[in-house]
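Take a look at the structure set out below.
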Amino acid sequence: LVATVDGVKARFFRLAPVDPASADGRVCLVEWRTEANLEHGLSGRELFSDTRSGGNRSTAGGGTHAYDDHRASHRSDVGRRFAARVAAVAERSLRDLGASQLLVVASPTMLGLLRPALAPLRKRDVTIREFARDVTMLDAPRLQVWLEQAELIPSHVGESRPSARPTRGGARQTRSPRRKAASLGDA
């Protein structure tokens, strides 16, 4: 299972044979599910009852009083809730597909929010590989080419792919050649 995630949406893909009757073993990336973060794009007016932030304005000639209304905290909570929903969809998708491997390609900020949300999957013997890049805007064929060039997915059934190395906190991070990843740009 491949998941591409940013703050706005998560897209889940599976590898499927191009032609099950053919013996060549080529695979293609097929979009499986999509999850949207509807809270992410809301304006301050839609999220908060008062659009002014940072201080009370006195009408009786007194001084103003500064305060922190925790808006930044609320926005990070929106990201954490979305990461938890993405982890739940990933768990259901892995179960539905009978898969035990998850490749997460996410923006660096989102990857930081996803790690704790995905921790329970690691305890269930799911191999999770990570790559920090925002590729959610790519359609399935372009994403497949990008992932193959970065050596993150195989192009044929039975082909072995990425080496993974442990990182802090037990997370798994894909090791990809810098030259190849750099030459891909943001495709």
Side-chain angles (χ1 to χ4, degrees), residues 1-16 27-42 72-140 142-155 159-178 180-181 184 186-187:
L1 183 66
V2 176
T4 63
V5 188
D6 64 10
V8 178
K9 68 181 170 187
R11 297 169 62 206
F12 296 88
F13 300 86
R14 63 183 177 85
L15 286 174
V27 293
C28 67
L29 207 57
V30 178
E31 192 155 354
W32 174 255
R33 289 185 173 143
T34 302
E35 184 74 19
N37 185 0
L38 301 177
E39 290 179 277
H40 184 273
L42 297 178
S73 175
H74 176 74
R75 292 213 184 263
S76 62
D77 286 345
V78 167
R80 278 192 287 281
R81 283 194 300 271
F82 183 58
R85 285 200 341 258
V86 168
V89 171
E91 182 177 13
R92 279 194 313 273
S93 297
L94 288 165
R95 188 178 54 243
D96 293 349
L97 293 170
S100 63
Q101 295 184 23
L102 174 64
L103 170 62
V104 179
V105 184
S107 61
T109 301
M110 196 66 217
L111 198 53
L113 295 172
L114 283 167
R115 283 187 183 120
L118 293 171
L121 289 177
R122 288 188 179 91
K123 295 176 184 171
R124 294 188 187 119
D125 293 328
V126 172
T127 302
I128 299 174
R129 294 178 293 131
E130 303 169 351
F131 195 83
R133 182 70 61 99
D134 185 2
V135 294
T136 54
M137 71 297 217
L138 297 178
D139 61 9
R142 288 181 57 206
L143 178 62
Q144 179 173 352
V145 168
W146 187 89
L147 291 170
E148 287 174 357
Q149 288 177 346
E151 298 181 357
L152 296 172
I153 64 168
S155 59
E159 182 179 63
S160 67
R161 269 295 177 212
S163 59
R165 60 182 166 79
T167 60
R168 284 177 289 156
R172 308 286 289 173
Q173 177 135 13
T174 302
R175 180 180 293 164
S176 180
R178 282 182 191 233
K180 282 190 180 185
L184 295 171
D186 286 332

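Looking at every heavy atom in both residues, M110 comes nearest to F82 through CE-CD2, 3.7 Å. For A140 against R11, the heavy-atom pair with the smallest separation is N-NH2, 4.1 Å. For A132 against P108, the heavy-atom pair with the smallest separation is CB-CG, 4.2 Å.
Put simply, NZ on K123 and CG on D125 are 12.5 Å apart, with the number rounded to the nearest 0.5 Å. Atom CZ of R133 is separated from atom CG of L111 by 12.5 Å, given to the nearest 0.5 angstrom. E91 CD to L121 CG: the interatomic distance, rounded to the nearest 0.5 Å, is 5.5 Å. Distance check, rounded to the nearest 0.5 Å: CG of L15 to CD of Q101 gives 10.0 Å. Between atom CG of residue L97 and atom CZ of residue R33 there is a gap of 7.5 Å, rounded to the nearest 0.5 Å. Separating the CG atom in L138 from the OG1 atom in T4 is a distance of 8.0 Å, to the nearest 0.5 Å.
Contact check for F13 versus L147: no side-chain heavy atoms found under the 4.5 Å cut-off. A heavy-atom distance below 4.5 Å is not found between the side chains of V2 and W32. Using a 4.5 Å heavy-atom cutoff, the side chains of T136 and V8 are not in contact.
Judged purely by atom type and a 3.5 angstrom limit, Q144 uses its side chain to pair as donor or acceptor with the backbone of L29.
Taking a cutoff of 4.0 Å between a charged side-chain nitrogen and a carboxylate oxygen, R14 and D96 do not qualify as a salt bridge. With respect to the salt-bridge test (charged N to carboxylate O, under 4.0 angstrom), the residues E151 and R129 do not qualify.
Partner of D134 under the side-chain contact (heavy atoms from CB on, under 4.5 Å) criterion, chosen from V105, D6, V5: D6.
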